[in-house]
Amino acid sequence: MTGPRLRIAPSPTGYFHVGGARTALFNWALARQLGGTFVLRIEDTDTERNRPEWTQGIIDALAWLGISADDPHFEGPYLQSSYTAQHIAAALQLVESGNAYYCDVSAAEIEARNQQAVDAGSIAQGYGGWSRDRNLGPGPDRVVRFRVPEGTTVVRDVVRGDVEFDNSLIEDFVLLRGNGAPVFMLANVVDDMHMKISHVMRAEEHLSNTPKQQLLWEALGEQPPVWAHLPLLVNEQRKKISKRRDKVALEQYRAEGFLPDAMVNYLMTLGWTPKGPEVQPWEQMESDFRLEDVHLSPAFFDVRKLAAFNGDYIRMLSAGEFLEASRPYLLGPDAGFPADRFDESKFLAIAGHVQPRCITLADAPGVVDFLFLADPVIDADSWAKVFSGAQATAVLRGAISAYESLPDWNADALKSALEVIGAANELKLGKAQAPVRVAITGRAVGPPLFEAIEVLGREESMRRLRKAEAALD
Ligand code: GLU
């Protein structure tokens with residue numbers, strides 16, 4: 001791949017977040033559209049918070065979204081922790097060139113000096129560049145600090161335009177800690193440089209790091225990448241979504257039965273507006289996506305809208321695809337019926353009527369359970385409501401005798417027969433269906449009744465109708 005090189009650089013400190021997924025998709029779309037490369041770099045240098053299973057979680061989450069490590073545009077995963085020597089070398093190069101220096105002023109001393117300033121009626125200024133001209137060499141507990149130059153730093157951001165930062169407000173930040181360990185700011189830049197990253201597209205919260213990083217690029221003698229900071233994702237209260245307040249783990253949506261295509265499509269609309277209908281195939285979004293069109297204002301991560309997308313995507317599946325996608329739920333412990341009673345052919349026969357009744361795949365078992373339960377429990381309220389008058393009893397008895405002798409057991413014939421019985425009892429079809437539905441499915445609502453009865457089959461349907469009749473006496 002010779003085109004641009006983009007990347008995501010997640011830290012493996014928890015479940016992969018929907019915001020991280022949006023960033024990944026935008027980068028992925030552009031990398032593929034431009035014939036470039038999407039690099040996955042795991043920033044695993046925070047040894048206290050990292051866990052290897054989170055790294056695997058990121059890889060799995062990306063694969064679920066269709067960002068596959070097997071794709072020729074994909075490169076990595078690289079682990080930041082394997083490049084510590086390069087990070088240190090870069091810091092030493094900066095000391096060598098005069099852009100960084102050793103400092104022995106401890107955190108406690110910085111605090112004490114600031115306190116003195118406050119006591120003297122001045123304001124605390126953090127680290128005051130006190131070791132800049134002391135020409136210290138390396139030594140125990142000495143940190144390496146970057147010498148922030150005077151002037152202003154202009155970050156050219158494709159989304160935000162030029163953002164100016166006054167360098168006098170940026171203190172001489174640490175590059176190497178007292179124990180010699182590189183800090184995030186340095187590692188992130190050095191890795192981007194070594195990995196020849198051309199575009200850094202990431203969440204807005206990193207914008208405040210960008211002037212420091214740009215200064216590092218320049219001091220290391222390289223051209224900074226194209227910067228693009230994506231708008232925040234906010235909740236209904238317009239607060240930044242967070243794992244404390246909101247459901248943000250991609251894994252959780254996956255477990256709840258959201259389809260990856262629906263998730264991908266929805267995430268692509270957060271901060272960017274697809275041309276034409278919002279629900280559209282990935283290929284379209286991949287070719288239309290432009291960084292210049294990304295919005296500035298925060299994007300509302302609307303779970304209800306995501307659910308609506310998911311419902312649309314469920315309806316678009318073929319019966320076979322729907323079966324495959326729902327299988328874990330249909331055969332899982334929460335299905336509500338024994339797995340060994342599940343019958344694929346029955347499910348496939350009614351799938352088209354089940355799909356519109358599902359928001360997530362986890363809804364599927366509850367729509368079809370009556371087909372696979374030996375004896376669905378009849379909902380007492382529905383029963384009491386439906387069989388409150390004499391008409392319902394008459395309809396049920398009428399249905400039993402008409403259905404017994406029905407030559408063809410199919411939805412049309414079942415419907416016509418019940419229409420006749422309803423008319424004889426002065427009931428429209430909708431009303432006449434109610435007692436039959438409760439007897440067959442146990443509930444007052446569900447998929448289209450006659451299709452359900454056809455799929456359930458003559459023998460079992462007649463048994464349930466007769467059982468309901470017996471219960472009336
Ligand atoms: N490791 C950083 C994070 O997960 C990524 C920073 C970046 O994308 O440059 O927030």
Side-chain angles (χ1 to χ4, degrees), residues 4-31 37-59 61-62 67 75-84 86-87 90 153 155-160 163 165 173 175 181-217 220 222 224-233 240-244 248-251 267 271 291 294:
R5 293 176 60 83
L6 297 101
R7 54 47 153 199
I8 59 164
S11 305
T13 54
Y15 279 116
F16 196 55
H17 190 288
V18 289
R22 192 266 313 254
T23 301
L25 288 166
F26 281 17
N27 276 285
W28 181 241
L30 209 58
T37 302
F38 172 97
V39 174
L40 171 60
R41 180 174 74 238
I42 306 286
E43 299 210 317
D44 61 341
T45 47
D46 182 350
T47 43
E48 269 161 40
R49 290 171 64 220
N50 290 327
R51 284 205 261 125
E53 59 268 36
W54 297 131
T55 295
Q56 191 55 46
I58 293 167
I59 295 167
L62 292 175
I67 303 179
E75 202 179 285
Y78 297 114
L79 299 182
Q80 182 157 73
S81 56
S82 3
Y83 303 105
T84 310
Q86 288 182 12
H87 308 148
T153 300
V155 170
R156 314 217 97 133
D157 186 295
V158 192
V159 176
R160 266 141 236 280
V163 191
F165 295 86
F173 51 96
L175 300 176
V183 301
F184 154 76
M185 198 71 71
L186 174 72
N188 182 270
V189 166
V190 172
D191 287 345
D192 280 342
M193 208 172 274
H194 281 274
M195 292 173 190
K196 306 218 171 309
I197 298 302
S198 57
H199 294 62
V200 169
M201 184 200 318
R202 59 186 173 187
E204 183 183 286
E205 65 211 35
H206 291 290
L207 182 61
S208 57
N209 291 330
T210 311
K212 295 181 190 171
Q213 295 182 328
Q214 182 163 306
L215 288 170
L216 282 173
W217 278 83
L220 288 165
E222 300 259 355
V226 172
W227 304 108
H229 289 87
L230 303 176
L232 282 184
L233 300 187
K240 182 181 154 188
I241 56 168
S242 83
K243 65 178 170 205
R244 280 174 304 284
V248 297
L250 201 62
E251 187 53 42
L267 290 174
L291 258 184
V294 170

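Along the sequence shown, residues are numbered consecutively beginning with 1. Just so you know, ligand 1 is whichever comes first in the structure, and atom 1 is the first atom listed for that ligand.
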Exercise for the section: Say whether His199 and Asn27, considering side chains only, have a donor N or O and an acceptor N or O under 3.5 Å apart. Expected result: no

Handout entry: Between Gln213 and Trp227: side-chain donor-acceptor atoms closer than 3.5 Å
Key = no

Exercise for the section: With heavy atoms only and a cut-off of under 4.0 Å, state how Asn188 meets ligand 1: side chain, backbone, both or neither. Expected result: side chain

Practice task
Any chance you could lay out the side-chain contact (heavy atoms from CB on, under 4.5 Å) test for Arg202 and Asn188, step after step, and finish with the verdict?
Solution key: CA-CA 12 Å; Arg202 59 186 173 187; Asn188 182 270; 3.7 Å; yes

Exercise for the section: Indicate yes or no: does an N/O atom of Ser11 lie under 3.5 Å from an N/O atom of ligand 1? Expected result: yes

Practice task
Check ligand 1 against Pro10 and write out every atom of the ligand that is under 4.0 Å from a heavy-atom position of the residue.
Solution key: 4 (O)

Fill in the blank from the handout: CZ (Arg7) and CG (Asp191) are apart, to the nearest 0.5 Å, by 9.5 Å

Practice task
Working to the nearest 0.5 Å, report the span between CZ of Phe165 and CG of Leu215.
Solution key: 10.5 Å

Practice task
Would you indicate which of Arg7, His206, Glu43 comes nearest to atom 8 (O) of ligand 1 when only heavy atoms are counted?
Solution key: Arg7

Exercise for the section: Look at atom 2 (C) of ligand 1 and say which protein heavy atom is nearest, naming residue and atom and giving the distance to 0.1 Å. Expected result: Ala9 O, 3.3 Å

